[in-house]
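Here the structure is a predicted model, which is why all the values come from computation and not from measurement.
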Amino acid sequence: MPREDQLDLLKLARAEAANSVYETHLTNKRRFDLHRRSHSFKPGDLILYDWPRKGDHKLSPNFKGPFVIVRSVGACVL
């Protein structure tokens with residue numbers, strides 16, 4: 001098989017692999033987004049913040065707050 005044909009097959013295989021990765025990404029995103037809700041917060045709303053625990057103590061709180069929303073900065077999806 002000539003070298004040019006091998007290179008063409010390699011380019012085709014790479015394009016198919018990239019397309020497969022992108023389609024898998026879209027499938028995973030759709031599955032992830034099924035369990036997410038869009039929230040809109042207004043100034044004055046009280047929220048709890050999902051704070052990472054230090055040391056993973058089982059009795060340490062999962063959330064901090066309540067915090068008051070002062071101004072809207074952008075869209076937030078929780």
Nearest atoms (heavy-atom pairs only) where [X] meets [Y]:
| X | Y | value |
| --- | --- | --- |
| K64 | F67 | O-CE1, 3.4 Å |
| D50 | F63 | CA-CD2, 3.6 Å |
| L46 | P66 | CB-CB, 4.2 Å |

Q.
Set out, in order, the CA-CA distance, both residues' side-chain angles and the distance that settles side chain to side chain contact (heavy atoms under 4.5 Å, CB included) for E4 and L7, then state yes or no.
A. CA-CA 5 Å; E4 291 81 22; L7 288 175; 5.7 Å; no
Q) Tracing side-chain links under 4.5 Å among I, L, V, M, F, W and Y, which residues wind up in one group with L10? A) none
Q | ILVMFWY clustering at 4.5 Å (side-chain atoms), partners of Y22 | A | L26
**Q.** Any donor-acceptor pair under 3.5 Å from S20 side chain to E16 backbone
**A.** no
Q. Do F41 and V68 share a hydrophobic cluster, counting only Ile, Leu, Val, Met, Phe, Trp and Tyr and linking them when any side-chain heavy atoms are less than 4.5 Å apart?
A. no
(Q) Distance check, rounded to the nearest 0.5 Å: K29 atom NZ versus L34 atom CG? (A) 10.5 Å
